[in-house]
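First up is the structure itself, then whatever we jot down about it.
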2 protein chains.
Amino acid sequence: MIKKKGPTIQDVADRAGLSKAAVSRYLNKSIRLPQETGRKIDEAVAALGYRRNSIARRLSKGGSETIGLVVPEISNTFFSEMAEAVEQTASERGYNLILGISRNHPDKELGFLRWIDDSIVDGLLFVTNRPDNRRLQLDIRRYGAVVLLDEDIPGTAQDKVFCHNVAGARDATRYLIRTGHRRIFHVTGPVSLMSVQERLEGFRLAHEEAGLPCPDAHIFHHDYSQRFGREVVGQILSHPVLPDAVFAASDYIAIGMLEELKRNGVRVPEDMSVVGFDDTALACLVTPKLTTIRQDAAELGRIGTERLLDALARPETPRGVTRIAASLIVRDSVRDTRT
Amino acid sequence: MIKKKGPTIQDVADRAGLSKAAVSRYLNKSIRLPQETGRKIDEAVAALGYRRNSIARRLSKGGSETIGLVVPEISNTFFSEMAEAVEQTASERGYNLILGISRNHPDKELGFLRWIDDSIVDGLLFVTNRPDNRRLQLDIRRYGAVVLLDEDIPGTAQDKVFCHNVAGARDATRYLIRTGHRRIFHVTGPVSLMSVQERLEGFRLAHEEAGLPCPDAHIFHHDYSQRFGREVVGQILSHPVLPDAVFAASDYIAIGMLEELKRNGVRVPEDMSVVGFDDTALACLVTPKLTTIRQDAAELGRIGTERLLDALARPETPRGVTRIAASLIVRDSVRDTRT
DNA sequence: GGGTGTTTGTAAACCGGTTTATCTGATGAA
DNA sequence: TTCATCAGATAAACCGGTTTACAAACACCC
């Protein structure tokens, strides 16, 4: 509990009989000193237990060797898997990770952006799944060191990493069609999100290919939540004709639906097939195990971190969009009606 | 992408026709200035868009207004629920949260502890579920501002927040006995962990009360993982006499067991009852829904954060252990054999 | 011996705030 | 008038590093 006042670089310099500058430059390897001198410094550092003060270092160097990850929530396994990968990648490259949880509050999001001005972080990995009212868009454009993950903010020119939403959704829908389903509903998030639009596009594409109709009445928009999954079941069950399959645009929606369908005596997949999206750890925990589109949150995090770190190292290089795979994982929630 | 060089306090002072000192003290409310002077400063701040540099501030004040949370992993929902609560509580009290993921590596843990020396954080919330080889113990004692959550590090005198492990485990076991089970196995983590010992104690206590034997052969130690839950099923099924119930010391273990039991054609709860511990969000996702002991990760995080912030504000006050409730949540994984 | 590098090392400025000790001028009391 | 007091404001030290510009010492070559 004693107020610690660690030794400063001056103490090391004194003990080694050198100047601050020599010690600093030696420690940062920005100078090559003769063996003997280096040894004296090493000895002094060890004897005093010197560790440089990173705040002072940041102040004079202007960097923090820290990046931030901003997510709407962390208890969502999709985001926590992403966070784990980001931490791993960042720490391998000598960076710390600071975590920001925005709860989708615009003010919090803006506050996190300020971390960059504050030298709290050098750059930010940013995930938002809230429709933007342009405030975020205007603000975020000022920052070079922001990488957008998973969801776009229209009108920005940052580095971005998304998955192949269209292809993933198309494959999911094709698979349902191929296994004999003809009346497929789509349950998804708010229209304004890029991922929602793209998955919907994939869903439509697969229908067109197969020459199947795809009426708007079969599409349910709200948000990517378990709760919505539960609520939508009531709406679906009150339809005059029941679907034989549902493509949910997120595992959380799918899981909520699974729960509620079970409560209503609708068997999955016997009475209704369900496909999710994301393949979080939850997907194979539920019964039946969820057939879903795998979007590797860890890879999203890993690639995003690399992009960000590269952008920090070479701010000149142009920004771009990277897409990662979205591939079908077949489990037990779809019935093959051909057999 | 332009190198930002925000206005400094000197710029504000110049514009307001005052000195740095006046501006700094006014902005920190450590002085009361006449209306007119204050207005001039406010005006200058607004006109220049001045925002103070938090790094410079940390260097001279010695504090960071940031706390850290160190967890073994974040994709474990127990820890992510905790993190969410910590972030919430900290941000309500004006603190930032930095997240450290230790992967149970001693070196990483030690590194995070150093964040305190580095002024990266003012204090740390620390969770480790790795048996300590005394290195951590020796190191952690030097820090006043470290609060231990969920799991103890023996030999330390920090503030600590745990749940009532003994009572929780005792209640779980009592419940199994009350519902007619007589041959109960206990699957748990490494013996060296406090939570393991305490839960085991509760397990034994309930047996003694009921006059039931509790042989060591019924207790399986390894770690708190889903994988171990899967693996232990093989060992259990090869026992000459099968248990009628298993008390798993973590939901992850229980969930792993549920999976593997199902694969082996053992029905839960008809053939075997299972009780978990923690009540993470996963518990009601699996089938059957898991009967478990609720240990509120969010409350753990909340209380821990408050303790830490209090300790930072008043380092003099004595440290202590706080216990939170551990209460039985009845769901579907236990069969009432009396009915 | 003198010119030219090359090592080896240093003094001092700087990063952008906070804080302490001090100064100035006005007001009031004696 | 003179001294004490006090509000209002400031200069300068400080936090602990990094970096620039330069000096001293030594080596090498002709």
Side-chain angles (χ1 to χ4, degrees), chain A residues 3-42 44-45 48-66 114-122, chain B residues 3-42 44-45 48-66 114-122:
Chain A
K3 177 70 123 280
K4 282 297 258 296
K5 270 199 165 320
T8 72
I9 199 169
Q10 184 67 65
D11 299 330
V12 174
D14 290 349
R15 190 174 221 271
L18 292 163
S19 69
K20 282 168 62 172
V23 176
S24 171
R25 301 181 65 186
Y26 172 74
L27 258 21
N28 288 313
K29 307 193 196 313
S30 67
I31 198 180
R32 229 175 39 77
L33 290 180
Q35 276 252 324
E36 174 58 13
T37 313
R39 206 196 48 69
K40 275 198 287 199
I41 295 178
D42 291 336
V45 165
L48 297 170
Y50 169 76
R51 303 192 349 82
R52 74 174 163 224
N53 178 315
S54 94
I55 295 293
R57 175 170 228 256
R58 289 184 195 197
L59 180 58
S60 64
K61 297 210 22 158
S64 63
E65 274 138 36
T66 300
R114 299 275 160 66
W115 279 356
I116 297 180
D117 297 329
D118 280 4
S119 302
I120 289 181
V121 299
D122 294 347
Chain B
K3 177 71 124 276
K4 282 298 257 297
K5 271 201 167 318
T8 73
I9 199 169
Q10 184 68 63
D11 299 330
V12 174
D14 290 349
R15 190 175 223 271
L18 292 163
S19 68
K20 281 167 64 174
V23 175
S24 171
R25 302 181 63 185
Y26 172 74
L27 256 23
N28 288 312
K29 305 193 198 314
S30 66
I31 198 182
R32 231 175 37 75
L33 290 181
Q35 277 252 324
E36 175 57 12
T37 313
R39 206 196 45 70
K40 274 198 288 198
I41 295 178
D42 291 336
V45 165
L48 297 170
Y50 169 75
R51 303 194 345 87
R52 75 172 160 227
N53 178 315
S54 93
I55 295 292
R57 176 170 226 256
R58 290 185 194 196
L59 180 58
S60 63
K61 298 214 16 162
S64 64
E65 275 138 36
T66 300
R114 298 278 157 65
W115 279 357
I116 297 180
D117 298 328
D118 281 5
S119 303
I120 290 181
V121 299
D122 294 346

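Heavy atoms only: backbone and side chains are in, while hydrogens, waters and symmetry mates are out.
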Taking only the side-chain nitrogens and oxygens of A/Ser60, find out if one of them lies under 4.0 Å from OP1 or OP2 of C/dC14. no
Any side-chain heavy atom of A/Ile116 within less than 4.5 Å of one from A/Val121? yes
Using whole Å, what does the distance between atom P of nucleotide D/dG16 and atom CG of B/Leu59 come to? 7 Å
Treat primed atoms plus P, OP1 and OP2 as sugar-phosphate and everything else as base, then score nucleotides 6-13 of chain D 5' to 3': B for base contact with protein heavy atoms under 4.0 Å, S for sugar-phosphate contact only, - for none. --SSBB--
How does DNA chain D read in dot-bracket, base by base from 5' to 3', with Watson-Crick or G-U pairs under 3.5 Å and | used when the partner is on another strand? ||||||||||||||||||||||||||||||
In whole angstroms, the gap separating P of C/dG16 from CG of B/Asp11 amounts to 9 Å
Strictly by salt bridge (charged side-chain N to carboxylate O under 4.0 Å, His left out), give each pair with a member in residues 57-66 of chain A just once, sequence neighbours left out. A/Arg57-A/Glu65
Counting distance only, does the side-chain N/O of A/Ser30 pair as donor-acceptor with the main-chain N or O of A/Asn28 below 3.5 Å? no
Listed partners of B/Arg51 passing side chain to side chain donor-acceptor pair (under 3.5 Å), at least two apart: A/Asp118
To the nearest Å, how far apart are A/Lys40 NZ and C/dT8 P? 13 Å
Summary of salt bridge (charged side-chain N to carboxylate O under 4.0 Å, His left out) pairs that have at least one residue in residues 9-35 of chain B, sequence neighbours excluded: B/Arg15-B/Glu43
Indicate, with a heavy-atom threshold strictly under 4.0 Å, whether B/Thr8 touches base, sugar-phosphate, or nothing. sugar-phosphate
Strictly below 4.0 Å: does A/Tyr50 bring a side-chain N or O up to OP1 or OP2 of D/dG17? yes
Would you mind reading off the distance between B/Gln10 atom CD and C/dT18 atom P, rounded to a whole angstrom? 13 Å
Under 4.0 Å between a side-chain N/O of A/Asn28 and OP1 or OP2 of D/dT18, yes or no? yes
Quick one: pull up OG in A/Ser60 and CD1 in A/Ile55 and give me the separation to the nearest 0.5 Å. 11.5 Å
Could you check if a side-chain atom of A/Leu18 sits within less than 4.5 angstrom of a side-chain atom of A/Tyr26, using non-hydrogen atoms only? no
Could you give the CZ-to-C1' distance, from B/Arg58 to D/dG17, as a whole number of Å? 16 Å
Gap between atoms CG and P, on A/Leu27 and D/dT18 respectively (whole Å): 8 Å
Would you please name every residue forming a side-chain contact (heavy atoms from CB on, under 4.5 Å) with A/Ser19, sequence neighbours left out? A/Ala21, A/Ala22
Below 4.0 angstrom from OP1 or OP2 of C/dT18, is there any side-chain N or O of B/Arg57? yes
Check the distance between D/dG16's C1' and A/Ile9's CD1 and give it to me in whole angstrom. 8 Å
Rounded to whole Å, the NZ-C1' distance (A/Lys61 to D/dT20) equals 15 Å
Going from OG1 on A/Thr8 to OH on A/Tyr50, what distance comes out if it is rounded to the nearest 0.5 angstrom? 7.0 Å
